[in-house]
Protein chains: 2
Amino acid sequence: MGRSGEARDREATERMTAQDGGELDLQQYFPYRLARLAEQVSLAVAEVYSERFALTRQEWRVLAILGVRPQIATKEIGPLTTLDKMQVSRAVQGLQSRGIASRKHHPDDRRELIVALTPAGRALYRKIVPFALARETELLGVLTAEEVKVLDRVMHKLSAALS
Amino acid sequence: MGRSGEARDREATERMTAQDGGELDLQQYFPYRLARLAEQVSLAVAEVYSERFALTRQEWRVLAILGVRPQIATKEIGPLTTLDKMQVSRAVQGLQSRGIASRKHHPDDRRELIVALTPAGRALYRKIVPFALARETELLGVLTAEEVKVLDRVMHKLSAALS
DNA sequence: AGGTAATAGTAACATCTGATACCAATTGCG
DNA sequence: CGCAATTGGTATCAGATGTTACTATTACCT
């Protein structure tokens with residue numbers, strides 16, 4: 001006889017968190033563990049763009065978008081990178097000041113700025129991306145195919161639950 | 001005939017990342033997705049301690065430790081919370097300034113400070129923790145027991161791979 | 001014991017980040 | 001049309017965060 005889904009879920013939650021009644025074990029607390037892991041992963045990836053190429057996290061995200069979407073309006077970058085408009089503004093300025101990106105006004109709406117990679121920026125992009133992809137492959141390599149599949153689904157589920 | 005583990009892993013990685021050769025789709029890039037998810041989760045939990053009780057993330061972590069470990073030396077808090085000693089110092093000062101925690105010198109080593117919750121701090125802890133645990137339960141509730149189990153294993157594996 | 005090195009914690013400074021208000025350009029509506 | 005409202009982007013300032021160097025206390029070494 002199968003137990004109910006609810007009972008199974010509660011049991012699993014207890015296994016995850018090792019919680020009893022009214023106490024909280026930070027080491028086992030899922031949000032803490034997730035924050036910690038994301039931090040570790042972020043640091044590992046940052047080695048690629050930060051230590052080697054002196055980019056901030058925000059600049060790296062914008063660069064990643066520009067590599068795929070040349071001629072993008074600044075206002076479109078925010079939603080694609082989860083950065084607010086101030087962060088985008090500063091990141092793009094940072095890239096521009098190093099000759100990685102260039103900006104020009106949109107001809108039909110002179111408020112908007114259109115951002116694009118310079119040749120140097122495209123070269124940088126092509127140099128960094130393989131390292132970034134390698135990091136990801138390396139990381140996911142410690143998981144089985146099944147685990148990766150479940151992880152993918154789980155991340156979508158959690159993200160959706162929080163929107 | 002079963003394929004090799006390596007082949008399976010590569011295939012899974014491709015499914016996760018939807019990458020072809022030399023391009024990087026930020027939306028599918030695992031480190032980005034993880035950072036984004038951790039951010040969302042962090043925000044959801046922060047509603048509990050930040051909006052309702054005006055604690056910073058660091059103060060909340062220290063409070064969580066103090067709830068379980070009364071009379072802890074400041075220097076032990078860092079490793080338990082993944083905060084550096086300056087962050088711990090400031091968090092503890094913040095808690096103290098609001099009457100949540102108290103400090104005294106270690107009798108045998110007057111460099112060390114021993115931190116403890118005040119009665120008001122213990123009351124606060126008992127008030128917050130149920131909400132924090134509820135948030136976690138709510139979140140993990142969207143997953144099946146099997147998914148939670150795999151997630152737990154995956155997080156351990158990834159964390160270990162990065163240490 | 002005496003002097004050097006190490007440790008716990010913090011002050012002080014520099015930098016980053018977030019929030020608000022602002023300017024310029026455009027849209028919409030009477 | 002003309003003027004209020006909206007939009008894209010940035011300057012500016014306050015608060016948060018990281019880094020360095022410093023003080024006080026203890027440990028170590030000969």
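Order of the sequence lines fixes the chain letters, A, B, ..., with proteins taken first and strands second; residue numbering starts at 1 for each chain.
- A straight line from CG of A:L113 to P of C:dA25 spans 12 Å, rounded to a whole angstrom.
- Within residues 62-80 of chain B, no residue is approached by DNA chain D to less than 4.0 Å at the level of any non-hydrogen atom.
- Look at CG on B:L95: it is 15 Å from P on C:dG9, rounded to the nearest Å.
- We find that A:E39 and A:R36 are not joined by a salt bridge, their nearest charged nitrogen and carboxylate oxygen being 4.0 Å or further apart.
- Side chain to side chain, B:R57 and B:S42 meet the donor-acceptor criterion of an N or O pair below 3.5 Å.
- One finds the CG atom of B:L162 at 9.5 Å from the CG atom of A:L43 (value rounded to the nearest 0.5 Å).
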Polar atom pairs between nucleotides 16-19 of chain C and protein, under 3.5 Å, N or O only, would you list them?
residue, atom, partner, partner atom, Å
C:dG18, OP2, A:Q87, NE2, 3.1
C:dG18, N7, A:R90, NH2, 2.6
C:dG18, O6, A:R90, NH2, 3.3

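- A salt bridge does not link B:E47 to B:R52: none of the charged side-chain nitrogens sits closer than 4.0 Å to a carboxylate oxygen.
- Reading DNA chain D from its 5' end, the first and the last nucleotide to sit under 4.0 Å from a heavy atom of chain B are D:dT17 to D:dT26.
- With A:Y32 as the aromatic partner, B:R61 does not meet the cation-pi criteria of under 6.0 angstrom to the ring centre and within 45 degrees of the ring axis.
- In this structure, the salt bridge (charged side-chain N to carboxylate O under 4.0 Å, His left out) partners of B:R98, at least two apart in sequence or on a different chain, are B:E59.
- Remark on DNA chain C: of its neighbouring residues B:K85 and A:R110, the 5'-side contact belongs to B:K85, judged by nearest-heavy-atom nucleotide.
- Computed from coordinates, the B:H106 NE2 to C:dG9 P distance equals 11 Å when rounded to whole Å.
- More than 12 heavy atoms of other residues, nucleotides or ligands lie within 6.0 Å of CZ in A:F53, so this atom counts as buried by the packing criterion.
- At the heavy-atom level, A:R103 lies under 4.0 Å from the strands shown only through sugar-phosphate atoms.
- Remark: side-chain polar atoms of A:Y29 are paired, donor with acceptor, to backbone N or O of B:A132 under 3.5 angstrom.
- In this structure, the separation between NZ on A:K127 and CZ on A:R122 is 14.0 Å, given to the nearest 0.5 Å.
- For the pair B:T137 and A:F30, the minimum side-chain heavy-atom distance is 4.5 Å or more.
- A:Q27 places a side-chain N or O within donor-acceptor distance of the main-chain N or O of B:L80, the cut-off being under 3.5 Å.
- Evaluation of the salt bridge (charged side-chain N to carboxylate O under 4.0 Å, His left out) rule for A:R69 yields A:E76 as partners, not counting sequence neighbours.
- Linking Ile, Leu, Val, Met, Phe, Trp and Tyr residues whenever their side-chain heavy atoms come within less than 4.5 Å leaves A:V92 and A:M86 in two separate clusters.
- Contacts between residues 41-52 of chain A and DNA chain C, defined by a heavy-atom separation below 4.0 Å, involve no residue at all.
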